[in-house]
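Taking it in order: structure first as structure tokens, then the write-up.
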Amino acid sequence: MRQPSVKSRRLAAAAAVLVVGAGAAACGPQESKGGSAGAAGTPHKGGTLTVLNSSPQEDFDPARLYTSGGGNIPSLVFRTLTTRNREDGAAGAKVVPDLATDLGTPSKNATVWTYTLKKGLKYEDGSPITSADIKYGIERSFAAELSGGAPYLRDWLIGGADYEGPYKDKKGLDSIETPDERTIVFHLNKPEGEFPFLATQTQTTPVPQKKDKGTKYEQHPLSSGPYKVVKNEGDGERLVLARNTHWSAATDEERKAYPDRIDVRSGLDSAVINQRLSASRGADAAAVTTDTNLGPAELAKVSGDKDLAARVGTGHFGYTNYIAFNPKVKPFDNPKVRQAISYAVDRSSVVNAAGGSSLAEAATTFLPNQKSFGYTPYDHFPAGKNGNAAKAKELLKEAGYAKGLTVTLTHSNAKDFATSPEIATALQEALKKAGITVRLQGLEDNDYSETVHSVKSEPGFFLSGWGADWPSGGPFFAPIFDGRQIVKSGYNFNSAQLDDSSVNKEIDAINKLTDLGAAAQRWGALDKKVGEQALTVPLFHPVYKRLYGESVKNIVISDWTGVLDVSQVAVK
């Protein structure tokens, strides 16, 4: 896993909680989830769905997009070998077939994966989708001109690390074979039981070589999904999608494709988006947002309005906000000091600082509280709701700090309510009760990110957070605790710089498992084991609250994305 792309994912998740603020009521609006949620009545085809977003859908090219299906809107245009299950909650965290007939057939050691395409797959121009198109789509994602996509195939495919894409190397990658038009075979340089998850990444979207226009392909990418692009203005600021008449629901069990047209308007202020969704006037009655949460003041208003409260979707994306320690910096090289801070943390005040229990859930494990990640409950340093100052003082005395301790907590000045001053101040107050004086060091966001993710400048005590590229323990746990992923020159996310051979060995063993359920259990057990070292202090998991228009039907919010799935929405 290459760190810069992981950083992108982390920052994307952080942006999603940007509007979460201090002081939101603990009693939020009633949850609105499930296939029957939203406006009453059976969903029907027809109408226009409007999407009101703050961030434009830039780089609408499958080679350049990151995350499963490139996210909500791209997955309406781009189909992939596998995809996320479009169901509510935990069921939505499962990986299911998309263009492929199944999740793939692994070799005995999970280094070779074979996929067969479904019959009858077509592009928007009626031409057939072939395995060669998927191979070419993957190969062009290696081109420097099309940077930005997920890094895994470069790391996992044999020869991927040195391949420069089909514009410079027309021979292509030998590690991707297409023995016939419906079969594609991947040869990996190490066992990867989670390859079905990787096959959800947008890089497995088919692209016919004769239609490739390099960097201009994003202006009109050839659709393999239920919708095609008819307008793309301002690099994704205004996107209009219409039906792809050659898409067949018989080959696609996941996308409902109810609306005739999708109109995406971006570059809007978050407050404006929520105000328009709340008012639901005109076209906004059939509108949703895929990137804007309700803020605390808006939540308070919604909580007092029964009709508005019924139009709020609640989602959980696998993300953990935590305290990070650098054990190479004194006094955090002493485990008892790290344990004392773990006991002293007041999670109730931290949750309140993050916006209240409607927007943040207290955490004592590093892995998110979801089965797909392998969640295994543990609380090695029980602080209770308000911290255990007595136990913290006891440990400080054992560590040689009977008269107390003064430390510096580094945080961001960004208003993300995750690593920002509100959280740092809450921790400062709690640790004071345990005899720990906390000096706050606030840094501007870019400076903060550069400082805490460099081995050379990493402080001893700072705030951090992590989200996974897919709902599994692997991409969540390994970047933070696998010693081989320590980056000494560049962005480093293994902040504890843990390089434990037993941990590394177990990560390798889990990666060989093709039984994803068995792998999840092992990730949970490993999380519990590493948690004993108090290298991090889990604080909370964010909760997403999204408002939608009064005419919107069929709300589905899975634990994979935590946000409303536009492929399921109806407006008729």
Side-chain angles (χ1 to χ4, degrees), residues 1-22 54-56 58 66 147-148 151 269-270 291 293 295 319-333 338 341 345 350 353-355 360 406-431 436-467 479-481 485-498 535-540 542:
M1 181 180 297
R2 293 188 309 172
Q3 308 300 2
S5 296
V6 177
K7 177 196 172 207
S8 300
R9 177 68 162 162
R10 184 189 70 83
L11 293 177
V17 297
L18 182 63
V19 296
V20 175
S54 58
S55 300
E58 297 175 340
Y66 199 89
S147 63
D269 181 81
S270 60
D291 72 354
N293 267 355
Y319 196 89
T320 301
N321 291 92
Y322 60 95
I323 292 172
F325 294 116
N326 179 357
K328 296 184 180 300
V329 175
K330 290 183 178 300
F332 308 105
D333 58 333
R338 304 197 300 268
I341 291 174
V345 164
V350 170
T406 297
V407 295
T408 298
L409 174 62
T410 304
H411 63 87
S412 169
N413 286 333
K415 295 180 179 178
D416 63 2
F417 297 95
T419 59
S420 55
E422 292 81 3
I423 308 298
T425 302
L427 291 170
Q428 182 185 45
E429 292 298 317
L431 268 58
I436 303 173
T437 300
V438 177
R439 295 171 178 160
L440 300 183
Q441 180 189 33
L443 301 176
E444 294 307 309
D445 195 33
N446 287 340
D447 190 21
Y448 175 76
S449 188
E450 295 289 337
T451 300
V452 303
H453 293 127
S454 169
V455 167
K456 296 178 181 176
S457 59
E458 181 188 328
F461 183 32
F462 61 98
L463 297 176
S464 193
W466 191 256
I480 310 300
F481 296 116
Q485 297 206 32
I486 297 172
V487 179
K488 294 185 177 179
S489 179
Y491 261 74
N492 175 58
F493 293 91
N494 185 340
S495 54
Q497 299 176 52
L498 178 69
L535 298 170
T536 65
V537 185
L539 296 175
F540 66 92

For [X], check side-chain contact (heavy atoms from CB on, under 4.5 Å) against everything at least two apart and list the hits.
X      : result
Glu444 : Asn413
Asn446 : none
Ser412 : Ala414, Thr419, Asp445, Tyr448
Pro331 : Val337, Tyr401, Leu405, Val407

Side chains of [X] and [Y]: does their closest heavy-atom pair fall under 4.5 Å?
X      : Y      : value
Ile323 : Leu539 : yes
Pro459 : Val452 : yes
Arg338 : Pro327 : yes
Gln485 : Pro479 : yes

Residues in side-chain hydrogen bond (donor to acceptor under 3.5 Å, both in side chains) with [X], at least two apart?
X      : value
Thr536 : none
Thr451 : Asp447
Glu58  : none

For Phe481, enumerate each residue passing the ring-ring contact (aromatic ring centres under 6.0 Å, His included) test, keeping only those at least two apart in sequence or located in another chain.
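Expected list: Phe366, Phe477.
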
Applying ring-ring contact (aromatic ring centres under 6.0 Å, His included), name anything that partners Phe461, two or more places apart in sequence or on another chain.
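With neighbours one apart ignored, the set is Phe325, Phe332.
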
Residues His453, Ser449; criterion side chain to side chain contact (heavy atoms under 4.5 Å, CB included); working and verdict
CA-CA 6 Å; His453 293 127; Ser449 188; 3.7 Å; yes

Salt bridge (Lys or Arg N to Asp or Glu O under 4.0 Å) against Asp333, all qualifying residues, sequence neighbours excluded
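With neighbours one apart ignored, the set is Lys330.
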
Test of understanding: with salt bridge (Lys or Arg N to Asp or Glu O under 4.0 Å), list the residues that count as partners of Lys488, not counting sequence neighbours.
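Testing Lys488 for salt bridge (Lys or Arg N to Asp or Glu O under 4.0 Å), a comparison that skips the adjacent residues, returns none.
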
Kindly give the heavy-atom pair with the smallest separation between [X] and [Y], and that separation in Å.
X      : Y      : answer
Val329 : Gly460 : CB-CA, 3.8 Å
Tyr66  : Pro151 : CE1-CD, 3.6 Å
Ser495 : Phe462 : CB-CZ, 3.7 Å
Thr320 : Pro538 : CG2-CB, 4.4 Å
Ala418 : Phe540 : CA-CZ, 4.1 Å

What is the distance from atom [atom1] of [X] to atom [atom2] of [Y], rounded to the nearest 0.5 Å?
X      : Y      : atom1 : atom2 : answer
Asp416 : His411 : CG    : NE2   : 11.0 Å
Asn326 : Thr410 : CG    : OG1   : 10.5 Å
Arg439 : Leu409 : CZ    : CG    : 13.0 Å

Please walk me through it: do Ile480 and Phe493 pass side chain to side chain contact (heavy atoms under 4.5 Å, CB included)?
CA-CA 6 Å; Ile480 310 300; Phe493 293 91; 4.1 Å; yes

Side-chain donor-acceptor pairs of residues 423-431 under 3.5 Å, sequence neighbours excluded:
unit_1	atom_1	unit_2	atom_2	d
Thr425	OG1	Pro421	O	2.8
Gln428	NE2	Val438	O	2.7

Could you tell me whether a side-chain N or O of Asn492 sits under 3.5 Å from a main-chain N or O of Val487, the two making a donor and an acceptor?
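Yes: the side chain of Asn492 pairs with the backbone of Val487.
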
